[in-house]
*Asks:* 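Supplied in structure tokens, the structure appears directly below.
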Amino acid sequence: MKLGLMNKNECINFVEFNITGTNERYNKCDDESLFLNANIFNIFVGCFERSNHLFDTVGSALFDIRKIIPLKNELDANRENLTLIESIDEFKNYITGIFLGKDLIIDLAKADPLWKQRWKFYLRRLVVINRELIALVDRCIEEEKILWFIGY
């Protein structure tokens, strides 16, 4: 399991972030798209749900200028919450307190038997992913692009 955004050649069990479309359509799995493991995305799904009431993890959801600013605000707040975590217990409580967050803990345990000793590394990776999502949203704002979320 790669703990970070990926290109389309690295994907299995993923969600897509696509900025190549218009209000009506997008270019599925475009070379410019970014992808994230679905179990990792679960940590950020609340940000997307709270900023777009039509959001669903299966199918597609459009984030235009009216929804992209609330998404940025939600991602900023999420990043702050992640940076406040100071112990493995807080880390586990935060992750397992999110719907399907336990799946990420299971994936971590499978991929790294020593994940409990390395929890700070995984926390830092989640903060980096959060920052990368904010940067993608900022790009959409600056370049007046539509962000499409596509769940598979």
*Asks:* Apply side chain to side chain contact (heavy atoms under 4.5 Å, CB included) to E32 and list each qualifying residue two or more places apart in sequence or on a separate chain.
*Replies:* I19, T20, D30, R139
*Asks:* Are there over 12 heavy-atom neighbours, none belonging to K92, within less than 6.0 Å of that residue's NZ?
*Replies:* yes
*Asks:* Which residue pairs satisfy the salt bridge (charged side-chain N to carboxylate O under 4.0 Å, His left out) criterion with at least one member in residues 67-87, sequence neighbours excluded?
*Replies:* R50-E74, K72-D76, K72-D138, D76-R79
*Asks:* What's the separation between atom CD1 in I43 and atom CG in L126, rounded to the nearest 0.5 Å?
*Replies:*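 Taking CD1 in I43 and CG in L126, the distance rounds to 6.5 Å.
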*Asks:* Using the test ring-ring contact (aromatic ring centres under 6.0 Å, His included), find all partners of Y94 that sit at least two apart in sequence or belong to another chain.
*Replies:* none
*Asks:* Identify, with sequence neighbours excluded, every residue that meets side chain to side chain donor-acceptor pair (under 3.5 Å) alongside E142.
*Replies:*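 Partners of E142 by the side chain to side chain donor-acceptor pair (under 3.5 Å) criterion come out as none, since no residue qualifies.
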*Asks:* How are the rings of F63 and F48 set relative to one another: parallel (under 30°), tilted (30 to 60°) or perpendicular (over 60°)?
*Replies:* perpendicular
*Asks:* Got a donor-acceptor contact below 3.5 angstrom from the S51 side chain to the C47 backbone?
*Replies:* yes
*Asks:* Apart from F99 itself, which Ile, Leu, Val, Met, Phe, Trp or Tyr residues share its cluster (side-chain heavy atoms under 4.5 Å, direct or through members)?
*Replies:*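 So far as hydrophobic clustering goes, F99 is joined with L100.
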*Asks:* Distance check, rounded to the nearest 0.5 Å: W119 atom CH2 versus R124 atom CZ?
*Replies:*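 With rounding to 0.5 Å, CH2 (W119) is 9.0 Å from CZ (R124).
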*Asks:* Checking K102 now: which residues fulfil side chain to side chain contact (heavy atoms under 4.5 Å, CB included) with it, not counting sequence neighbours?
*Replies:*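 Per chain and number, K102 pairs via side chain to side chain contact (heavy atoms under 4.5 Å, CB included) with T96.
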*Asks:* What residue among F14, F35, F149 forms ring-ring contact (aromatic ring centres under 6.0 Å, His included) with F41?
*Replies:*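 Testing F41 for a ring-ring contact (aromatic ring centres under 6.0 Å, His included) against F14, F35, F149 leaves exactly one candidate, F149.
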*Asks:* Side chain of D112, backbone of L108: donor and acceptor closer than 3.5 Å?
*Replies:*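 No, because the side chain of D112 does not come within donor-acceptor range (under 3.5 Å) of the backbone of L108.
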*Asks:* Does atom CD (E144) have a neighbourhood of more than 12 heavy atoms from anything else shown, all under 6.0 Å?
*Replies:*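 Atom CD in E144 is not crowded, with 12 or fewer foreign heavy atoms closer than 6.0 Å.
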